[in-house]
Amino acid sequence: MSLKEQSIGGATIDAGGISVKYFAAGIGEPVVLLHCTGSSGRQWAEVVEALRSDFRVIAPDLCGYGGTTHWPGNGTFNLAVEADLIAALLDLLGKPAHVVGHSYGGAVALQFASRHPRYLKTLTLIEPASFHLLRDGDDIDERAFRQISEVGATVANAVNCGDYQGGMRRFVDYWGGEGVWDALPASQRLALAARISKVSLDFWGTLNDPMRQADLESLEMPTLV
């Protein structure tokens, strides 16, 4: 069953040895929605419902999240891995799409636009976590890069020593404010802690990607940030 034929529901495809789960609904021009770190394609459930009467909406789980298998470890992880998973999905679709990415999904969407521009009708980036674009910038960029690098290092150290909840506390409270982690239900804290190894890879990818701001000048698709 192709993406064009499928009714509302989920399915999987194989892309380079990674089993990619995606959720699809609706008919019309395709819209691909890419979720943030620690989440899954189900993040977009309400958006899918709002768009499905006018668009074919596809919301994949990125590598290591939801129903998509984890990075198998054959080499250094990078944002190109995620971008190529989305390209495999668009191969099935057979036509370009409006691509929307939130946070980490925004960083993936930007990488996807750079590597596979033929697949995009438009690009929308919501708070893209493309931390690598802060490199080689001014003093404000350098301070911001050092700050977010410290958060990434805390998460990586938590993976190394096994303090998964401590690492995710730093991650959640950094973005949401002090005390947000403690206010979460215990079940949600456990679920987030279980994803920390992929969260650490997300930081690695977004901090170390070689793309720089000057590389974006070649992108020609309509873009909203």
Side-chain angles (χ1 to χ4, degrees), residues 15-16 18 20 22 29-41 43-44 47 51 55 57-66 68 71 75-91 93 95-138 140-142 144-149 151-152 155 171 174-175 198-225:
I18 296 174
V20 182
Y22 65 89
E29 283 196 336
V31 177
V32 176
L33 305 172
L34 305 179
H35 63 82
C36 67
T37 285
S39 187
S40 73
Q43 165 186 320
W44 301 102
V47 177
L51 295 179
F55 296 94
V57 190
I58 302 105
D61 295 338
L62 294 173
C63 185
Y65 292 120
T68 295
W71 171 240
T76 301
F77 179 81
N78 53 66
L79 290 177
V81 170
E82 304 275 24
D84 291 349
L85 296 183
I86 306 308
L89 204 56
L90 269 292
D91 277 337
L93 191 64
K95 62 175 68 174
H98 303 283
V99 176
V100 181
H102 169 233
S103 191
Y104 178 65
V108 173
L110 190 60
Q111 181 73 210
F112 177 70
S114 177
R115 289 177 65 82
H116 305 286
R118 68 189 183 279
Y119 287 116
L120 282 93
K121 290 178 71 71
T122 65
L123 175 66
T124 300
L125 307 175
I126 305 167
E127 300 176 346
S130 299
F131 306 132
H132 51 92
L133 297 181
L134 295 169
R135 289 182 180 269
D136 307 324
D138 59 20
I140 294 175
D141 291 338
E142 288 182 12
F145 188 79
R146 286 197 301 270
Q147 185 181 75
I148 194 62
S149 294
V151 179
V155 171
F171 175 82
Y174 176 78
W175 293 113
K198 182 55 188 1
V199 173
S200 184
L201 287 183
D202 293 354
F203 269 112
W204 174 266
T206 53
L207 289 168
N208 292 285
D209 194 85
M211 180 192 290
R212 297 294 180 265
Q213 292 188 35
D215 299 325
L216 305 179
E217 294 174 2
S218 62
L219 298 183
E220 297 180 344
M221 72 287 297
T223 300
L224 174 65
V225 182

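In this chain, residues are counted from 1 in sequence order.
More than 12 heavy atoms of other residues, nucleotides or ligands sit less than 6.0 Å from atom CD of Glu142.
Between Phe145 and Leu207 there is a side-chain heavy-atom pair separated by less than 4.5 Å. Between Thr37 and Phe203, the closest side-chain pair of non-hydrogen atoms is not below 4.5 Å.
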Between Trp204 and Thr76, is the side chain to side chain contact (heavy atoms under 4.5 Å, CB included) condition met? List the steps. CA-CA 9 Å; Trp204 174 266; Thr76 301; 3.4 Å; yes
Leu33 vs Val47, side chain to side chain contact (heavy atoms under 4.5 Å, CB included): CA-CA, chis, key distance, verdict: CA-CA 9 Å; Leu33 305 172; Val47 177; 4.1 Å; yes
Verdict with supporting geometry, Val100 and Ile126, side chain to side chain contact (heavy atoms under 4.5 Å, CB included): CA-CA 8 Å; Val100 181; Ile126 305 167; 3.9 Å; yes
Could you check Leu34 against Tyr104 for side chain to side chain contact (heavy atoms under 4.5 Å, CB included), going step by step and ending with a plain yes or no? CA-CA 8 Å; Leu34 305 179; Tyr104 178 65; over 6 Å; no
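When all heavy atoms are compared, the tightest approach of Glu82 to Leu62 is OE1-CB, 3.6 Å. The heavy-atom pair separating Asp215 from Pro210 by the smallest distance is OD2-O, 4.0 Å. Between Thr68 and Cys63, the shortest heavy-atom distance links the atoms CG2-CA, 3.8 Å. Summarising the geometry of Lys121 relative to Pro222, their closest heavy-atom pair is O-CD, 3.4 Å, with the distance given to 0.1 Å. The shortest non-hydrogen separation linking Arg135 to Asn208 is NH2-OD1, 3.6 Å.
A donor-acceptor distance shorter than 3.5 angstrom exists from the side chain of Asp61 to the backbone of Gly41, with no hydrogens or angles considered. Under the 3.5 Å distance criterion, the side-chain polar atoms of Ser130 are left unmatched by any main-chain donor or acceptor of Pro128. Under the 3.5 Å distance criterion, the side-chain polar atoms of Gln43 are matched with a main-chain donor or acceptor of Cys36. A distance-only check finds no donor-acceptor pair linking the side chain of Ser114 to the backbone of Leu110 [under 3.5 Å].
In this structure, Leu90 CG and His116 NE2 are separated by 9.0 Å, a value rounded to the nearest 0.5 Å. Atoms CD and CG, on Gln111 and Asn78 in that order, are 7.5 Å from each other to the nearest 0.5 Å. Of the inter-residue distances, the one linking Ile148 atom CD1 with Leu134 atom CG reads 9.0 Å to the nearest 0.5 angstrom.
Among Tyr65, Trp44, Tyr22, the single residue meeting the ring-ring contact (aromatic ring centres under 6.0 Å, His included) criterion with His35 is Tyr65.
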